[in-house]
Amino acid sequence: MKDKKPKNVFIKGAITHEFIGNSIYKHQSKTSIGAHNIFLGQVRADKVDDKTVSAIEYTAYEDMANQKFHDIREATFNKFNLTCMHIYHSLGTVKAGEICLFVFVSAPHRKVVFDALEYVVEEIKAHVPVFGKEIFEDQSHQWKKNT
Amino acid sequence: MKDKKPKNVFIKGAITHEFIGNSIYKHQSKTSIGAHNIFLGQVRADKVDDKTVSAIEYTAYEDMANQKFHDIREATFNKFNLTCMHIYHSLGTVKAGEICLFVFVSAPHRKVVFDALEYVVEEIKAHVPVFGKEIFEDQSHQWKKNT
Amino acid sequence: MEITIKYFGQIAEETNTTEETIRIENGNISNILTLLLKKYDGLKYKDFQVAQNQEIVSPETEITGAEIALLPPFSGG
Amino acid sequence: MEITIKYFGQIAEETNTTEETIRIENGNISNILTLLLKKYDGLKYKDFQVAQNQEIVSPETEITGAEIALLPPFSGG
């Protein structure tokens, strides 16, 4: 039973450093926290043959994706003793060098945040229906595949 | 042989969210990076008996500490295939809720950043001569001990 | 019954549409796949999973849902 | 020889100084410790490590350095 509507994790376009900085700032009032761990996914300018990726265009099966993000949140809170957790993912165009994924976990002590963060990131990569189209400088494209 | 003078890792007072955001922003030109992992140590308002920690005052054996930070950097680059790494630690007074440690590692792919970040943080906690004096609201204090 | 089929990423590129409605008798997901592979010949070369009501299902799963989605390999993050 | 001794954190609190110079004959770190424990009685209740020229050493290590530091438990981060 899905008893509450999951939050929207998606952000239009790149996730800015101001957004990330601000998110860190908001945690200063939570004085039981001793350790934060943040993962940022950044779009790489990969070279394929002679062409270079200039951006990734993200689409998603949004309803299912938000539900999966919600499920991952619940599972992570059950597994790890975290104070809080935030996940944001881009939709639309994110240029090479820009941030497309922002995962933020916090806890009183450090040991737990390392395992929790890796768990969340791997779960997202494996189970959330998000699709990245790598756009080359000449506007041709290929479909990204997670490894 | 210590052939080059290590960088100064210390920052006077708290590490601000603007500083962290700006550091993230600077990596947008490094388009071979696909994954960043950031650890932030935040001062907890721990309760001891009836008193609450309001700040930690950090001192260090600065020359040795900077050398140790340098050695940890070198060892980490030898062990893990990272694109870059940054470490900042506060000296002086950092209030509860503020950031006192900022470790930032980046690599083309995600797998390596999780292990690298945890390694760096544990090495810092174990080997860098930094001393935290927990100041209570009534100005009494106790000496912090890493666990 | 009437079912909405959604296509994503390179699957939508192949079908040239992101959503359509089909009519089908009761049966398994494999019945829907047979129908779609007939309609979109190129799909047989594509790697995808099927979701029914936002849960990944196998071809043997009974059709229960009003929403089926064809999902290419995930590449978030 | 002349050696600079540095004190940090709760050790400096005990000695009431952060740095001083002592004269000592050649020998081991333990010879310095004996001298300092005589001078600062409270040190014997304190937990600390000794660094010589910025490297942690044991009491058996020969005195070679011009700079010795008494370091209480680390608590960075």
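Just so you know, these numbers use all the heavy atoms, side chains as well, and skip hydrogens, waters and symmetry mates. Proteins get letters first, then strands, A, B, ... in listed order; numbering begins at 1 in each.
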T59(A) and G9(C) have their tightest heavy-atom pair at OG1-N, 4.5 Å
Counting only heavy atoms closer than 4.5 Å, note whether H141(A) contacts chain C via side chain, backbone, both or neither.
-> side chain
Heavy-atom distance under 4.5 Å between the side chains of D63(A) and E67(C), does that happen here?
-> no
Crowding at CG, N81(A) (>12 non-hydrogen neighbours, <6.0 Å) = no
Any chance you could measure L70(C), atom CG, to Y61(A), atom OH, to the nearest 0.5 Å?
-> 10.5 Å
One should read off an interatomic distance between D71(A) CG and E55(C) CD, to the nearest 0.5 angstrom, of 7.0 Å
Measure the spacing between CD1 of I56(C) and NZ of K68(A) and express it to the nearest 0.5 Å.
-> 7.0 Å
Using non-hydrogen atoms and a 4.5 Å limit, figure out which bit of K145(A) sits close to chain C: side chain, backbone, both or neither.
-> both
With a 4.5 angstrom heavy-atom cut-off, which part of A60(A) approaches chain C: side chain, backbone, both or neither?
-> backbone
Residue among E13(C), K6(C), Q49(C) with most heavy-atom pairs under 4.5 Å to chain A | E13(C)
Can you name the one residue among W143(A), F131(A), Y58(A) that meets ring-ring contact (aromatic ring centres under 6.0 Å, His included) with F8(C)?
-> F131(A)
More than 12 heavy atoms from other groups under 6.0 Å of OH on Y25(A) = no
Do other residues, nucleotides or ligands put more than 12 heavy atoms under 6.0 Å from K125(A) NZ?
-> yes
In terms of heavy-atom proximity below 4.5 Å to chain A, should A12(C) be classed as side chain, backbone, both, or neither?
-> neither
Within 6.0 angstrom of E62(C) CD, more than 12 heavy atoms from elsewhere = no
Answer yes or no: does atom CG of N78(A) have more than 12 heavy-atom neighbours from other residues, nucleotides or ligands under 6.0 Å?
-> yes
Leading residue by heavy atom contact count with chain A [cutoff under 4.5 Å; candidates S75(C), G76(C), P73(C)] = S75(C)
Among S90(A), G41(A), G132(A), the residue with the most heavy-atom pairs under 4.5 Å to chain C is G132(A)
Identify which of L101(A), I56(A), V128(A) forms the greatest number of heavy-atom pairs closer than 4.5 Å to chain C.
-> V128(A)
